[in-house]
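Counting begins at 1 with the first residue of the sequence.
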Amino acid sequence: MKEVAEPIKMSETGAEVFPLREAHSLVSDLMTPNPWIYWADFLFNIIVAWAAFITALTSPLFSLWQIAAYTVAVFTVYRSAIFIHELVHLKKGSFKIFRLVWNCTCGIPFMIPSFTYDGVHNEHHKRDIYGTFQDGEYVPFATRKPIEMVSYVLLSFLLPALLVIRFLLLTPLSYLIPPLRKVVWERASSLTIDPGYKRPENAIRNDHNWRQQELAAFLLALAVISLVLLDVLSYAVLILWYLIAVMVFILNSLRTLAAHAYRNPGAESMTHAEQYLDSINVPGNPLITPLWAPVGLRFHATHHLFMSMPYHNLGKAQRRLVTGLSDNTLYLTTMRNSLWDALTRIWQESAQSSTSDMQKSTHDNP
């Protein structure tokens, strides 16, 4: 999708204007994905991930080898899984073999086939949907009580089990009970952060073979659990899978909380400028930051400016925009120093909002 090179305004009066045309000219040569980078990055990480999984599985319990292997598995599985975000933004119909390999080696084994994000995330980038009640990837945490953010992170402990239930049990049941198919599609087939999200029937972009992906996830879950029950595989396989998946979801939940300011209550849509300024960049340390925000997601605000830009060019775009814009004031407002800085800010805003609401309630009801 080609970005529209026109100024975006902070307000209806246009008192402050973000130089989008100038920004686009600075990065226009960075929009083409390099397949070699995608393949090398993903294959390296998924191979290391499964090697670390086997090492952790076969190492003595709580040994240094097992702890090290588990740690490596978490970060490499996490990086591999986050490629689901790139699959959404790649040109429609492209990278077909890459998508298939990703699903077979990562998406389906971890119960997150690519159709669960395809279409759903595209809605998140639409100007009339971002930040509204229709956006499944947006919850106005900054305007709510901090406990809601805590609950969101703690949900990570349940998600792996819920995903297994969705594919192992709900898939066959939905074919036996036809009305359940619609419910499963709308309520249990999307990777979102809003539990009330209802997936539209046409929220699909590339993965029109989603039924085959669903069947593959069902068959794999059935095979693994059957082999465990028959003592062919150890229960440790499921335990290790669960522990890795939980930690991956925890990391991703923290990254998600640091991805936006989450200030829009949801009743009204936001302008392009407001959407950009509601997003966060955390350039951070080039070695440490990509561990919790892999595959370019530490440049999330830049990604929202140019959503079709491949992840491997976002860092270069970030540097060009910081040094090349004639006025980078607005661009720099999206910057955070670290994950801690981003989380602290949204926590403080949430706490202040809760305090204000309590004071207002007390004032209105003396």
Partners passing side-chain hydrogen bond (donor to acceptor under 3.5 Å, both in side chains) against Glu22 (at least two apart in sequence or in another chain): Ser326
Of all pairs that satisfy salt bridge (charged side-chain N to carboxylate O under 4.0 Å, His left out), the ones with a partner from residues 285-300, not counting sequence neighbours: none
Donor-acceptor contact below 3.5 Å, side chain Arg320 vs main chain Leu26: yes
Partners meeting side-chain hydrogen bond (donor to acceptor under 3.5 Å, both in side chains) with Lys182 (sequence neighbours left out): none
Residue pairs involving residues 241-251 (criterion salt bridge (charged side-chain N to carboxylate O under 4.0 Å, His left out); sequence neighbours excluded): none
Tyr117 versus Glu137, side-chain donor and acceptor atoms under 3.5 Å: yes
Thr105: partners by side chain to side chain contact (heavy atoms under 4.5 Å, CB included), with sequence neighbours left out: Phe42, Ile46, Val101
Residues which pass side-chain hydrogen bond (donor to acceptor under 3.5 Å, both in side chains) with Asp118, listed by chain and number, not counting sequence neighbours: none
Salt bridge (charged side-chain N to carboxylate O under 4.0 Å, His left out) pairs, two or more places apart, involving residues 299-316: none
Qualifying salt bridge (charged side-chain N to carboxylate O under 4.0 Å, His left out) pairs, either residue in residues 246-265, two or more places apart: Arg263-Glu349
Pairs meeting criterion side-chain hydrogen bond (donor to acceptor under 3.5 Å, both in side chains) with involvement of residues 45-64, two or more places apart: Asp41-Asn45
Residues clustering with Phe44 (ILVMFWY side chains joined when closer than 4.5 Å, directly or via others): Val48, Val72
Residue pairs, two or more places apart or on separate chains, that pass ring-ring contact (aromatic ring centres under 6.0 Å, His included) and touch residues 161-195: Trp185-Trp210
Pair Ser114-Asp207, side-chain donor/acceptor within less than 3.5 Å: yes
Qualifying residues under side-chain hydrogen bond (donor to acceptor under 3.5 Å, both in side chains), relative to Ser189, sequence neighbours excluded: Arg166
